[in-house]
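Following: one structure in structure tokens, then a few remarks.
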Amino acid sequence: MTEQDVVELLTAQHEEIFALLARLKAGEDGKQDLFTELVRLLAVHESAEEEVVHPVAGRARFGADADIVQPRLAEENAAKRALADLYDLGVDHPDFDARLAQFADAVAEHAAHEETEEFTLLRAQFSTSQLRRMAGSVCAAEAVAPTRPHPHAGESAVANLLAGPPLAVFDRARDAVRDWRQNQDT
């Protein structure tokens, strides 16, 4: 088995996100668990992109591609706010499904921009070994990333490096307590 490069890793995560969104929109059983997994995946995915991928793509830019990173950061910040709102709303709220559908459309558009613009730039600018090393950096960033959206923490690499670890500790402690409570109820 060959090691994934950063584009393959992030594209596979996009597919996982789309699958979770489809299952949520289809109304599968375990809606809360599906949504919790979606929130976790999106939070760590976007945090790692902001720490690792966007800064590299921003430095690699050239010509007409000079502005591809800032729009992605703005989309991610809007997505963090929307996801935090959905989280606060809760899966049982009557408006949840409609707002989730809007959120899913925005996520699909954002991923399409990343895959066609930013990921294409990365493939053009970096060797396979560099892209594989970048995947390792993304995995390391994801391991210590917050598991919930924190839209007020900022969307820059610096903001993620400064605020991310303390927020991640808090989020992971909260996740452990939630999991413990759920296990006590069964």
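- The CD atom of Glu46 sits 10.5 Å away from the CG atom of Asn77 when rounded to the nearest 0.5 Å.
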- Message: One pair to check against salt bridge (charged side-chain N to carboxylate O under 4.0 Å, His left out): Glu117 and Arg72. What are the steps and the verdict?
- Response: CA-CA 10 Å; Glu117 298 169 17; Arg72 301 305 70 82; 2.9 Å; yes
- Message: Run the salt bridge (charged side-chain N to carboxylate O under 4.0 Å, His left out) test on Arg23 and Asp33 for me, step by step, so that the C-alpha distance in whole Å, both residues' side-chain angles and the decisive distance to 0.1 Å come before the verdict.
- Response: CA-CA 11 Å; Arg23 291 176 64 193; Asp33 290 339; over 6 Å; no
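- A side-chain hydrogen bond (donor to acceptor under 3.5 Å, both in side chains) with Asp5 is found for one member of Arg133, Arg132, Arg123 and no other, namely Arg123.
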- Task: Would you please test Glu15 and Thr11 for side chain to side chain donor-acceptor pair (under 3.5 Å) and show each step?
- Result: CA-CA 6 Å; Glu15 292 303 319; Thr11 302; over 6 Å; no
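- There is a side-chain donor-acceptor pair under 3.5 Å between His54 and Glu76.
- Atom CD of residue Glu118 and atom NE2 of residue His110 lie 8.0 Å apart, to the nearest 0.5 angstrom.
- Scanning all heavy atoms of the two residues, the minimum distance from Lys31 to Leu24 falls at O-CD2, 3.5 Å.
- Within the 4.5 Å cutoff, the side chain of Glu114 has no heavy atoms near those of the Leu10 side chain.
- Residue Phe103 holds its CZ atom at 6.5 Å from CG of Leu21, rounded to the nearest 0.5 Å.
- Within 6.0 Å of atom CG in Asp29, 12 or fewer heavy atoms from other residues, nucleotides or ligands are found, so the atom counts as exposed in its surroundings.
- Listed here is the closest heavy atom pair of Ala135 and Gln4: CB-O, 3.5 Å.
- Heavy atoms only, all atoms of each residue included: Ala57 and Leu121 are closest at O-CD2, 3.7 Å.
- Taking the six-membered ring where the residue is Trp, Phe119 and His14 present parallel rings, their angle staying beneath 30° rather than reaching 60°.
- Here the side chain of Glu51 pairs no donor or acceptor atom with the backbone of Ala48 at under 3.5 angstrom.
- In terms of heavy atoms, Phe96 sits closest to Phe35 at CZ-CD1, 3.6 Å.
- Taking both residues in full, the closest heavy atoms of Val107 and Phe18 are given as CG1-CE2, 4.2 Å, listed atom of the first, atom of the second, then distance.
- Here the side chains of Phe126 and Val6 are not in contact, with every heavy-atom distance at 4.5 Å or above.
- Looking at Glu142 and Gln13, their side chains do bring a donor and an acceptor atom within 3.5 Å of each other.
- For Asp88, the CG atom is densely surrounded, since the number of other residues' heavy atoms within 6.0 Å is greater than 12.
- Between Glu3 atom CD and Leu9 atom CG the span is 10.0 Å, to the nearest 0.5 Å.
- In terms of heavy atoms, Pro55 sits closest to Glu49 at CD-O, 3.9 Å.
- Using a 4.5 Å cut-off on side-chain heavy atoms (C-beta onward), Glu109 and His113 make contact.
- At least one donor-acceptor pair closer than 3.5 Å links the side chain of Thr36 to the backbone N or O of Gln32.
- Note that the CG atom of Leu38 and the CG atom of Leu100 stand 7.5 Å from one another [nearest 0.5 Å].
- If you take CG on Asp97 and CD on Gln102, they are separated by 11.5 Å, rounding to the nearest 0.5 Å.
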